[in-house]
Amino acid sequence: MDIFPLACLFDLDGVLVDTAKYHYLAWKLLAKELGFHFSEEDNERLKGVSRMASLEILLEVGGIDHLGEKEKVALANKKNGWYVESILKMTPDEVLPGVIEFLLEVKGAGVKMAIGSASKNTSTILERVGIGHFFDTVIDGNRVSQAKPDPEVFLTGAKELGVLPNKCLVFEDAAAGIEAAVNAGMKSVGIGNPSILNRATIVISGFQGFTWNKIQSLIS
Ligand code: BG6
Ligand code: MG
């Protein structure tokens, strides 16, 4: 029998935990220091995007185009300092609804699991919310050179799990992440808005109410 999937690759921010609000607080503070307002709508553009690419978007929103590389790195570091202050206070309560139950089921089914995230703070978050033990490997922003929509993060995950890309299923909340799954030759479950995640194999609003069997039947 053709068993699918043999591995699940999970994005972290917005899929397993709601960290977007902490990213937003920190970027908003940076924008305030730079003298402009950064709206929640602007923040949507940063989902799934690497730290430096996020800064470029923020500077574009603020109409700031005269900064050199050194100044940009200093600003990104400043933002990250504020962000880390927030995530160090995270607790296991901040794992999104239905996630623990779902991970337990997938693990119980003998399916391998990996994290595929752009964040360089992945290990801090996993540790704070206590879900690191579920994953056979963690591919994060410190381990890849190409950001999503490049498939590197998911292809590296598949390789480390010893599973062919076409036997992997990706869970993602960002359009760039779904694109990365498509580019990796993997099916995907979008978490969020179907009109934004229109290239996903299926889209759900969250894990609550979704059993592993249900997801498997929907994607096959
Ligand atoms: C992604 C988030 O998971 O990680 C982005 O969706 C964030 O918003 C990116 O910019 C990089 O995160 P970090 O923690 O390395 O700044
Ligand atoms: Mg995400």
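Note that the structure is predicted; figures quoted are calculated from it, not measured. Read the numbers this way: they start at 1 and go in the same order the structure lists the ligands and their atoms.
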Exercise. When you measure from atom 15 (O) of ligand 1 to every protein heavy atom, which one gives the shortest distance, and what is it?
Worked result: Lys120 N, 2.7 Å
Problem set entry | Validation row: Lys187, Phe4 side chains within 4.5 angstrom (heavy atoms) | yes
For this session: Please check if atom NZ in Lys21 has more than 12 non-hydrogen atoms from other residues, nucleotides or ligands closer than 6.0 Å.
Result: yes
Exercise. When you check the gap from the basic side-chain N to the acidic O, do Lys72 and Glu56 get nearer than 4.0 Å?
Worked result: yes
For this session: Evaluate the ring planes of Phe171 and Phe207, with Trp represented by its six-membered ring, and classify them as parallel (under 30°), tilted (30 to 60°) or perpendicular (over 60°).
Result: tilted
Exercise. Does a side chain donor of either Lys79 or His23 reach within less than 3.5 Å of an acceptor in the other side chain?
Worked result: yes
Problem set entry | Pro165 and Met186, any side-chain heavy atoms less than 4.5 Å apart | yes
For this session: Considering heavy atoms of the protein only, find what lies nearest to atom 16 (O) of ligand 1 and give residue, atom and distance to 0.1 Å.
Result: Arg51 NE, 2.8 Å
Exercise. Should the pair Trp212 and Phe102 be assigned to parallel (<30°), tilted (30 to 60°) or perpendicular (>60°) ring geometry?
Worked result: perpendicular
For this session: Starting from atom 2 (C) of ligand 1, locate the nearest protein heavy atom and write down its residue, its atom name and how far away it is, to 0.1 Å.
Result: Asp13 OD2, 3.6 Å
Exercise. So which of Gly177, Ser119, Ala174, Ala176 gets nearest to atom 12 (O) of ligand 1, if we judge by its closest heavy atom?
Worked result: Ser119
Exercise. Using 4.0 Å as the upper bound for N to carboxylate O, is an ion pair formed by Glu152 and Arg143?
Worked result: no
Problem set entry | Side-chain donor/acceptor of Ser117 to backbone N/O of Thr122, under 3.5 Å | no
Exercise. For Lys47, is at least one N or O under 3.5 Å away from an N or O on ligand 1?
Worked result: no
Problem set entry | Asp136 (side chain) donor-acceptor with Met113 (main chain) under 3.5 angstrom | yes
Exercise. How close does the nearest protein non-hydrogen atom get to atom 6 (O) of ligand 1, and which residue and atom is it?
Worked result: Gly48 N, 2.8 Å
Exercise. Taking distance alone, with no angle check, do Asn80 and ligand 1 share an N/O pair under 3.5 Å?
Worked result: no
For this session: Pick one of side chain, backbone, both or neither for how Ser54 approaches ligand 1, counting any non-hydrogen atom pair under 4.0 Å.
Result: side chain
Seminar exercise, completed: atom 9 (C) of ligand 1: closest protein heavy atom, distance to 0.1 Å, is Val49 O, 3.2 Å
Exercise. Within less than 4.0 angstrom of ligand 1, does Leu46 place any heavy atom?
Worked result: yes
For this session: Using a strict 4.0 Å cut-off to heavy atoms of Tyr83, name the atoms of ligand 1 that fall inside it.
Result: 14 (O)
Exercise. Which count of protein N, O or S atoms is obtained for distances strictly below 2.8 Å from the Mg ion (ligand 2)?
Worked result: 3
For this session: Taking only Lys NZ, Arg NE, NH1 and NH2, and the carboxylate oxygens of Asp or Glu, determine whether Glu179 and Lys148 approach each other closer than 4.0 Å.
Result: no
